[in-house]
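What follows is one structure encoded as structure tokens, with my remarks underneath.
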Amino acid sequence: MTGNGSGERLPPALRTEALEQLLTERGLVDPAAVDRLITQYETNVGPLNGAKVVARAWTDPEYRRRLLDDGTAAIGELGFGGLQTECLVVVENTPTTHNVVVCTLCSCYPWAVLGLPPSWYKDPAYRARMVREPRTVLSEMGLDLGDDVRITVRDSSSEVRWMVLPERPAGTEDMSEEQLVPLVTRDAMVGVAKVEAP
Amino acid sequence: MTAPLDTEGPAAPPRSNGELVFTEPWQSRAFGIAVALHEAGAFAWPRFQASLIERIAAWQAMPGDQPWNYYRHWLGALEDVLAGSGTVLPGEVTERAHRLADRPAGHDHPAGHGHGH
């Protein structure tokens with residue numbers, strides 16, 4: 001499947017342009033629609049969606065229950081969904097259990113709630129090492145977890161996309177849902193960081 | 001519910017820990033083309049994903065001299081899917097890409113078509 005001979009050596013920018021031209025000429029792709037999709041995913045869809053989901057779950061116990069029970073349906077309540085979230089499973093981090101997400105095979109990622117994956121998520125080293133030595137990798141990324149914290153690595157597959165519901169930080173008890181949203185980071189929802197109180 | 005997304009207002013901070021997802025424009029095109037084709041019903045997403053997994057596995061089995069580049073595999077997977085369905089053959093892409101490579105300098109002037117300057 002991968003043996004395209006010398007054509008593979010062409011710069012990918014040229015191959016992409018060639019492919020888009022051919023698809024456009026055949027009426028299969030509309031470049032303006034491609035533009036709109038890129039804008040959509042670059043600017044409109046991002047970790048902010050997930051942050052809203054997390055803040056809601058922190059402030060509404062019923063919503064939290066629904067979110068942990070059926071992630072796809074619960075994010076749908078907030079208007080999020082679509083490609084790559086058909087089977088979204090949300091797992092909760094607690095003081096004693098820590099979940100971290102990886103996709104060892106193809107870097108799949110819940111776009112609708114986290115946006116497109118950062119480069120480190122797609123890096124072969126992250127994908128391979130997080131499975132083998134999560135505590136070390138997390139520590140290298142700035143998250144030191146005590147030995148009493150059990151780490152579970154959630155490997156995404158073509159069927160399941162994982163998202164982490166981080167712990168609500170101490171000291172935020174009086175904050176409203178709206179005030180909590182900006183505290184929630186993408187990294188916390190992947191499980192490589194904790195949410196910090198302001 | 002909430003309109004999707006105020007990217008500059010008070011709710012924006014979660015994006016600020018993001019980084020550029022696409023490092024070169026072709027990567028965003030390759031991404032957008034695949035999603036557009038899928039949305040138009042050209043292929044089921046799992047089909048594309050399976051190709052992507054194959055591409056990445058092949059690279060990992062034999063990295064060779066190609067540095068890691070996620071979207072290169074993405075593009076390869078897209079080409080594989082389109083070749084598999086007979087929609088666009090690899091040779092066609094190669095031929096067109098060579099032709100594009102032979103364009104005179106300045107071809108990508110924003111005005112596009114007239115090359116007379």
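This one's a predicted model, so the numbers in the text were calculated from it and none came from an experiment. First the proteins, then the strands, lettered A, B, ... as listed; each starts at 1.
- A donor-acceptor contact closer than 3.5 angstrom is absent between the side chains of Thr136(A) and Ser139(A).
- One N or O on the side chain of Arg168(A) and one on the backbone of Trp58(A) form a donor-acceptor pair closer than 3.5 Å.
- In plain terms, the two heavy atoms of Thr104(A) and Asp155(A) that are nearest each other are OG1-OD2, 2.6 Å.
- Contact annotation for Gln179(A): neither backbone nor side-chain heavy atoms come within less than 4.5 Å of a heavy atom of chain B.
- Comment: Glu92(B) engages Arg26(A) in a salt bridge, judged by a side-chain N to carboxylate O separation of less than 4.0 angstrom.
- The most heavy-atom pairs under 4.5 Å with chain B, out of Ala18(A), Ala188(A), Cys103(A), come from Ala18(A).
- At a 4.5 Å heavy-atom cutoff, the contact between Glu39(B) and chain A is made by side-chain atoms alone.
- Across Asp123(A), Leu114(A), Asp35(A), the residue that shares the most heavy-atom pairs under 4.5 angstrom with chain B is Asp35(A).
- When heavy atoms are compared at a cutoff of 4.5 Å, Ala101(B) approaches chain A by way of both its backbone and its side chain.
- Here Glu140(A) pairs with Arg129(A) in a salt bridge; the nearest charged N to carboxylate O distance falls below 4.0 Å.
- For Asp30(A), no part sits under 4.5 Å from any heavy atom of chain B, backbone or side chain.
- Contacts of Ala13(A) with chain B are made by both backbone and side-chain atoms, with heavy-atom separations under 4.5 Å.
- In this structure, chain A has no heavy atom under 4.5 Å from any part of His73(B).
- Salt bridge absent: Arg96(B) and Glu17(A) never bring a charged side-chain N and a carboxylate O closer than 4.0 Å.
- At a 4.5 Å heavy-atom cutoff, Ala42(B) makes no contact with chain A through either its backbone or its side chain.
- A salt bridge links Glu92(A) with Arg64(A); the closest basic N to acidic carboxylate O contact falls under 4.0 Å.
- Heavy-atom distances place both the backbone and the side chain of Ile33(B) under 4.5 Å from chain A.
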